[in-house]
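Following: one structure in structure tokens, then a few remarks.
We name chains A, B, ... by the order of the sequence lines, and we start the count at 1 in each one.
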Number of protein chains: 2
Amino acid sequence: MSTNCSNCPLRKLDAFTDMSGPEIAFMEKFKTGELEAQPGTEIMAQGQSSTHLFTCLTGMGLRYKTLEDGRRQVIGFVLPGDFIGLQAGVMSEMEHSVEASTSMRLCTFNRSDLWTLFSSHPTRAYDLTRIAALEEIFLGEALAVVGQLDALAKVSWALHRFYTRLDSVNMVRDGHARLPYRQQDLADALGLSLVHTNKTLARLREDQIATWSDEKLTIHDMTRLTRLAHAESDGYAKRPLI
Amino acid sequence: MSTNCSNCPLRKLDAFTDMSGPEIAFMEKFKTGELEAQPGTEIMAQGQSSTHLFTCLTGMGLRYKTLEDGRRQVIGFVLPGDFIGLQAGVMSEMEHSVEASTSMRLCTFNRSDLWTLFSSHPTRAYDLTRIAALEEIFLGEALAVVGQLDALAKVSWALHRFYTRLDSVNMVRDGHARLPYRQQDLADALGLSLVHTNKTLARLREDQIATWSDEKLTIHDMTRLTRLAHAESDGYAKRPLI
DNA sequence: CGATTACTTGAGGCCTGTCAATGATGGTGG
DNA sequence: CCACCATCATTGACAGGCCTCAAGTAATCG
């Protein structure tokens with residue numbers, strides 16, 4: 001069973017900007033199908049070009065760069081509504097990989113159609129550029145966190161951001177949210193060792209601030225978490241959906 | 001004396017993609033003037049919107065985020081050919097500041113004209129998106145460096161990247177390049193303390209790999225520097241100029 | 001010539017990485 | 001059904017890379 005854009009469940013969320021009728025009609029043509037990705041699958045590979053672009057419909061994944069010595073830097077986490085493959089679309093190849101952490105359902109687009117988007121639907125092109133700018137903003141914030149904060153603040157920031165982003169796509173129920181990543185993923189995102197990440201999570205748990213276990217995230221004290229996280233106040237405005 | 005786009009000295013460099021006649025004609029209209037910024041001037045401020053966008057014509061600057069506790073993360077360094085204000089253009093406000101390190105000459109554009117760029121010149125819109133994607137690629141690489149590498153590799157990476165980028169805009173003469181930043185700027189970019197940055201630079205100098213003093217960068221052994229830097233081999237392809 | 005800024009160098013300590021071992025869980029094959 | 005293996009989370013011990021503090025030099029400026 002495939003979803004069409006006119007009744008896309010994501011588009012109705014408050015987190016995303018509105019789309020006009022003609023825009024929706026165009027997206028119906030732009031979208032070529034859907035893809036189911038199993039956990040552990042590599043959706044896009046670093047150093048390769050791709051004929052397809054995606055939007056995450058359901059499920060979660062992560063973006064990461066692999067260094068030649070085997071180390072790994074997690075660049076970000078893919079949640080529903082996220083666009084995948086902008087780099088492959090406008091550059092020759094991807095500079096990071098994207099992997100499915102859970103089973104994921106993805107809307108698929110043809111890279112070759114991207115040019116018609118720019119030439120015939122400037123509002124959609126503008127939205128795509130805004131998405132790129134949002135990525136840039138996030139990476140700048142992540143760089144500041146990894147570069148300047150200590151371990152407790154790093155982990156707090158990550159959990160705070162997970163919770164906020166999951167909440168924006170309606171994936172928080174009764175204060176709980178599914179967080180299907182491994183501690184190693186978080187460690188690789190924050191530039192910490194697995195061991196130290198584990199101990200920092202244990203401390204947040206003991207201090208009754210936040211608990212993340214069995215793939216489930218629970219915030220016990222959002223006030224203290226926000227303070228520890230040095231979280232920027234702005235409650236992330238609406239963003240475009242492709 | 002003001003430069004017009006048709007004889008823009010940057011456009012002729014190998015580093016930048018070609019521009020068609022109609023594109024150049026449009027840029028002439030799009031460009032509203034030039035601005036001279038003195039060293040230390042804040043060109044764009046974090047948290048503020050701006051009516052103007054810029055392209056760096058000459059001189060150098062830096063982008064940085066300020067944390068509430070006063071710490072600072074340098075997000076990147078602005079060299080000739082770099083576009084400034086993409087975030088201000090397509091989002092409500094900037095999430096980082098831009099400051100002039102030397103005297104800078106900037107091409108100025110009106111933010112309100114940006115929409116006509118998207119609606120009437122899709123090739124230019126595409127280029128703008130590519131620039132955003134390039135920024136994203138750079139920030140991803142910076143995140144991996146700051147998150148995963150040790151101090152020696154971080155500093156080596158930075159010097160290697162400085163040299164490569166300066167070379168691409170023809171600012172290297174006889175193996176020397178002007179690098180008008182302070183050690184504190186580099187430290188804040190790499191997430192290192194000033195003291196440790198200084199000692200790491202001293203070590204690279206003693207080992208006859210690279211010397212950076214008196215605002216002048218000299219590479220003595222590019223082979224070893226490249227190895228230390230874990231530098232990605234791809235010799236940065238052509239990029240668009242706005 | 002005092003004040004400011006930037007670079008340099010040394011000493012000491014802590015935050016975080018590495019190493020190592022254990023437990024828990026789940027999948028697999030005999 | 002159980003031994004076996006792989007993955008992930010957890011905990012302790014220890015070392016080291018990097019930070020902080022501090023002091024000194026040099027250059028620039030009003």
Problem set entry | Protein-nucleotide distance (A/Arg203, atom CZ; C/dT16, atom C1'), rounded to Å | 14 Å
For this session: Output the residues of residues 209-219 of chain B in contact with DNA chain C, where contact means a heavy atom of the residue under 4.0 Å from an atom of the strand; sort by number or write none.
Result: none
Exercise. Among residues 178-187 of chain B, which residues get a heavy atom nearer than 4.0 Å to DNA chain C?
Worked result: B/Arg182, B/Gln183
Exercise. Any side-chain N or O of A/Asn198 less than 4.0 Å from the OP1 or OP2 oxygen of D/dT10?
Worked result: yes
Return a table of donor-acceptor pairs under 3.5 angstrom between the side chains of residues 222-229 of chain B and protein atoms on other chains or two or more places apart.
residue: B/Arg224; atom: NE; partner: B/Asp221; partner atom: OD2; Å: 2.9
residue: B/Arg224; atom: NH2; partner: B/Asp207; partner atom: O; Å: 2.8
residue: B/Thr226; atom: OG1; partner: B/Met222; partner atom: O; Å: 2.7

Seminar exercise, completed: With sugar-phosphate taken as primed atoms, P, OP1 and OP2 and all else as base, the protein-contact string of nucleotides 16-27 of chain D at under 4.0 Å (heavy atoms; B, S, -) is --BSBB------
Problem set entry | Rounded distance in Å - NZ (A/Lys154) to C1' (C/dC15) | 11 Å
Exercise. Aromatic rings A/Tyr181 and A/Phe77: how do their planes relate, parallel, tilted or perpendicular, breaks at 30° and 60°?
Worked result: perpendicular
Please tabulate, one pair per line, each protein N/O and nucleotide N/O from nucleotides 21-24 of chain C that are separated by under 3.5 Å, including the distance.
none

Exercise. side-chain hydrogen bond (donor to acceptor under 3.5 Å, both in side chains): which pairs involve residues 167-176 of chain B, sequence neighbours left out?
Worked result: B/His176-B/Thr218
For this session: State whether B/Arg165 and B/Asp82 are salt-bridged, where the test is any N-O pair (Lys NZ or Arg NE/NH1/NH2 against Asp/Glu carboxylate O) under 4.0 Å.
Result: yes
Problem set entry | Cationic N near anionic O, under 4.0 Å, B/Asp185 to B/Arg72 | yes
Problem set entry | Basic-acidic side-chain contact under 4.0 Å: B/Asp214, B/Arg178 | no
Exercise. Going by atom types only, do A/Ser103 and A/Glu36 share a side-chain donor-acceptor pair under 3.5 Å?
Worked result: yes
Exercise. How long is the gap from OG1 on B/Thr66 to CZ on B/Arg71, to the nearest 0.5 Å?
Worked result: 12.5 Å
